[in-house]
Amino acid sequence: MKKELLAPKYAREFMCTGPKCPEDCCQENWTINIDTKTYELYQKDLKLNALVMPHMQVNNSRQTKDANPATFKHKPVTGGCSLQLANGLCKIQKEFGEKALSATCAIYPRIYNALGSDQLISMSESCPEIAKVLITDPVALQLEFGEVNVWDRMIFQNETEFNTQYQERYHLLQGLISILQHRKLSFEMRLFVCSLLIPRADTLLQQLNSEPDSSEANPSEADNSKQSMKALLQNFYTLIDDGYFNNQANQLNNAEPSGLDLVILQDLMTEKKQKNEFSLILAKTLLSLGATRSEDLNYETVDKLQALRSQWLTPFEQEYPHAFENIVVNWLLQSLFPINNIRLADGWLNITTRYLLLRTLLTGVAAFNQGLNLKTATHCLYHFGRNLSNSGQLKRLLLELVGKGQNQPAAFIRSLKL
Ligand code: SF4
């Protein structure tokens, strides 16, 4: 079916490459959930039932079994989906069409979020096709409202309440995207400006939160409060145009390095060793830094990381100048930051930590290979999406940053090298 949705250009144009995909999602050892509606369909349709039954297993997880009563089995050796044919195609889709797929299979790599009364699509960088487009297409994140093909049995989230608090956060989202896409500044400068904006916006939202929702009591008061986030953003736009942040950045470049990079490197070192592509990326990074044991880590390692970045990653960043911008803006849309984050500082910490992690890994691999090409960068990005972007490992790292006092925007700013 077709539906009017807000979607970035890359989501509108996405086509799964299926058997041509370098590492398709069906080969991954992921849990493939069967949602309640699809489960009912599999029970009712006898032919479909005969095909899927030998491949289904009951979901015993108390937390998820109501929404997803079963999952598909994996192939014992490869760990891929047991319903994938040798030519890479899906047996269910081939014999019964897209309508017979479970929501997980039909929707991936799309992510749907309610944005006020609209629906917004973004996509996961864990898909190789998306990773490539995010790196290469300068206008991938151009947002447009219009008709998009959606899966027939798609159930959308209810629309979010559009109260004053929500509107302020919506303005902030728009402001952050504008700053992150302000290409007259280097991308580090844009992250720096956003990191200064977040604490101010947080204070503003807390003030607003402590007041009753003025939109219900007095619409004109709501207009005033609406202007306050707009006024804050306007103030920042003016300061950008006046070059105010350049002076601040110059002063910061002479400051002591933050311990944030060290905590991140330490964390990468303790990543659970599995025999997969992501551990190879990790191993290359640590070898490039000459840091394979925790004892090797010190501020010289951080300096070495910066030097390797200038030598090996910067040429790639110059060739694909909008890659990091697209990736970070995409994370904003995926998590609907700052709308879905009660505490702005936590949401921003999540995004900036992911950025530093990805930048470190790309630097390490670029240094190991003595250069970075599109194919390798794409490979690193989708494995990053599959292994780290929303993982328990990332959550643990974020907690560690809080515990070590490295969770403030100031620590991130000192890692930027402006
Ligand atoms: S990972 Fe992406 S391109 Fe590859 S098979 Fe899955 S959806 Fe298609």
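Every number for a ligand or one of its atoms is a count from 1 in the order of the listing. Quick note: numbers below take in every heavy atom, side chains included, and nothing from hydrogens, waters or symmetry partners.
The existence of a salt bridge linking E95 and K91 is excluded, since no basic side-chain nitrogen approaches an acidic carboxylate oxygen closer than 4.0 Å. A salt bridge does not link E40 to R153: none of the charged nitrogens lies less than 4.0 Å from a carboxylate oxygen. Between E325 and R183 there is a salt bridge, since at least one side-chain N of the basic residue sits less than 4.0 Å from a carboxylate O of the acidic one.
Taking the six-membered ring where tryptophan is involved, the planes of Y382 and H379 are perpendicular, since the angle between them exceeds 60° and thus also 30°.
Counting heavy atoms from C-beta outward, F316 and I135 have side chains that approach closer than 4.5 Å. Here the side chains of Q266 and S294 are in contact, with some heavy-atom distance below 4.5 Å.
Atom 8 (Fe) of ligand 1 has C16 SG as its protein N, O or S neighbours under 2.8 Å.
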